[in-house]
Amino acid sequence: MQTTDRKWTVAGGQYVEQMKWALWFIIIGGVLVRGTLLVVADRVDDQLNEVAEMTLLEFMSEASTVFMLVIGLMSVYVFLTYFGQNGITRWEYFFGTLISSIGLALTLPIAFILLNLVEMLVIPWVPLTIDVATLSLGSAAMLSLEYILTLMIHFMLGWFITIGFYRYNWMIGLIFIGVVIYAGMMTEALWDDEKYILFGLATESSELSLPIVTAIAVGLILILALVNRRLTKDIVIKM
Amino acid sequence: MSNHVQFNDVSLTIKGDSILKNIDLNLEDSKIYGLLGRNGAGKTSLLSLLAAFRPVTSGQIELNEETIFENPNAMQQICFSYDKDYSDETEKVESLLKDLPFFRPNFDYDYAMELVNRFNLPLKKPLQKLSTGMQSAFNVTVGLASRCPITIFDESYLGMDAPTRDLFYREILNEQTEHPRIFILSTHLVSEMDHLFDEVVMIQNGEMLLADDYESLMSRAVQITGATDEVDDLTANDQVLNEEKLGRTKSALILTEQAESLGQKAREIGLETQQPALQDLFIHLTKEVDSHANNR
């Protein structure tokens with residue numbers, strides 16, 4: 001194995017492993033939970049009609065951010081220790097983790113759009129009386145952009161927390177969690193209609209145009225990437 | 001290509017504690033090094049620096065004149081096998097072994113399977129479900145079959161029964177004949193493993209105590225036994241590592257460059273001489289350092 005290729009293979013290996021977990025998430029969340037809730041909304045509980053008012057892509061957005069946060073949280077303890085103990089450099093690990101997370105953040109919305117299309121094809125053949133929201137090309141594109149950026153931010157935040165615990169100790173780890181709660185609320189402020197004022201850094205999202213929101217989100221991802229790289233550059237591999 | 005490792009003035013400090021101090025050490029190709037030291041001496045810390053698990057505080061560690069830390073070419077050539085905690089490892093033995101060729105370019109899968117058979121390792125069982133001895137056998141299998149130019153075993157035989165350890169020792173010697181490399185064996189089982197060592201490295205309280213080839217070290221040691229007065233007279237100017245008295249008889253363990261001539265003189269005046277074991281030297285050398293430390 002040429003060592004110059006290793007960082008890409010590390011990225012591929014992590015992506016494949018994370019996609020195995022994502023497959024469970026997609027099937028359970030996008031098929032089983034979504035299907036069950038639609039049936040329950042239709043037959044049992046009208047209060048669940050809001051599930052039908054959302055497209056599958058919208059329905060999975062909250063859960064996807066939590067999924068990416070968890071994947072980020074697992075990154076260091078699962079992969080850094082394993083790779084580090086097997087002679088992979090910290091740079092190769094960082095590069096591989098970053099690339100695989102970008103791959104995952106791109107794959108999830110694509111998977112949900114495809115699943116959404118399948119749902120739209122299947123719904124007419126299923127005896128449901130409620131109307132299920134359909135996905136338009138425009139909203140799919142808009143939502144995908146939001147997806148990719150928020151998923152990346154949540155992955156980076158999860159990664160950041162776990163680096164704090166791994167590199168330092170649980171007390172400093174808790175400080176990392178505090179930083180993430182603040183950054184997470186700022187992220188929410190970018191996309192939600194609610195108003196957040198945190199040390200004057202974020203305001204109502206409606207005041208921000210899409211290019212500015214995108215630029216802020218990309219900036220946040222880059223800052224987190226730089227911080228995570230700095231923190232893992234000379235990190236001690238646990239034995 | 002001949003590999004060599006150099007520690008140049010290496011120190012390690014963790015949270016204000018000085019763990020290793022100014023270590024200078026050269027490791028040469030095709031030799032088996034026995035790394036000895038008492039508990040807390042800094043053996044594992046030294047090895048974790050070599051394997052780039054942590055950065056040095058000061059100094060350099062180089063493989064063939066290249067810094068090891070964060071150097072992919074160097075890091076993939078160092079395999080560090082130790083007593084790992086596998087309580088969370090749900091992967092099966094077979095699957096873990098199949099992943100290794102990616103990390104270790106010299107990994108020999110057929111040889112790994114041969115070792116799996118010899119150690120009776122169950123391929124289809126998750127590692128967490130293996131006994132401690134079996135987990136050690138897995139570590140040893142990975143270390144041997146990886147055929148890394150620098151192969152480190154840090155107490156990785158813990159939990160192995162005596163016949164399995166014997167098998168491990170034979171495999172090391174066999175590998176050294178067929179695929180020579182730098183082996184580093186860190187151990188407390190000195191008397192059981194000393195026949196493997198080409199070189200002996202001893203560290204104490206984070207400092208280098210001794211680094212010498214096994215034959216040369218042993219040739220400098222002699223145990224002289226006889227009448228107390230005669231032994232005292234003969235060894236008055238030598239470094240006595242240990243003395244034991246029984247009535248008017250005394251036994252002295254001496255470490256000196258003139259051990260051969262001293263032994264000869266002892267025999268000429270009717271004293272008994274004996275070649276001490278490495279374990280005795282280790283015990284008394286490290287004990288001596290302690291007593292000096294206590295006197296300070």
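As the structure is a prediction and not an experimental result, all values here were calculated from the model. In the text below, chain A, chain B and the rest are named by the order of the sequence lines, each starting its count at 1.
- More than 12 heavy atoms of other residues, nucleotides or ligands shown are found within 6.0 angstrom of NZ on B/Lys21.
- No more than 12 heavy atoms of other residues, nucleotides or ligands sit less than 6.0 Å from atom NZ of A/Lys233.
- At a 4.5 Å heavy-atom cutoff, the contact between B/Asn71 and chain A is made by backbone atoms alone.
- The minimum heavy-atom distance between A/Glu92 and B/Pro72, with the atom names listed, is OE2-CB, 3.5 Å.
- Interatomic distance, A/Asn169 CG to B/Lys15 NZ, rounded to the nearest 0.5 Å: 6.5 Å.
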Step by step, work out the side-chain contact (heavy atoms from CB on, under 4.5 Å) result for A/Met239 and B/Arg54. CA-CA 10 Å; A/Met239 290 179 68; B/Arg54 57 166 69 244; over 6 Å; no

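- One finds the CD1 atom of B/Ile68 at 14.0 Å from the OG1 atom of A/Thr89 (value rounded to the nearest 0.5 Å).
- Between the side chains of B/Glu89 and A/Tyr82, not a single donor N or O lies within less than 3.5 Å of an accepting N or O.
- Atom CZ of B/Phe102 is separated from atom CG of A/Asn86 by 9.5 Å, given to the nearest 0.5 angstrom.
- Of the two parts of B/Ser48, only the side chain, counted from C-beta on, holds a non-hydrogen atom closer than 4.5 Å to a non-hydrogen atom of chain A.
- A distance of 10.5 Å separates CD in A/Gln85 from CZ in B/Phe103, rounded to the nearest 0.5 Å.
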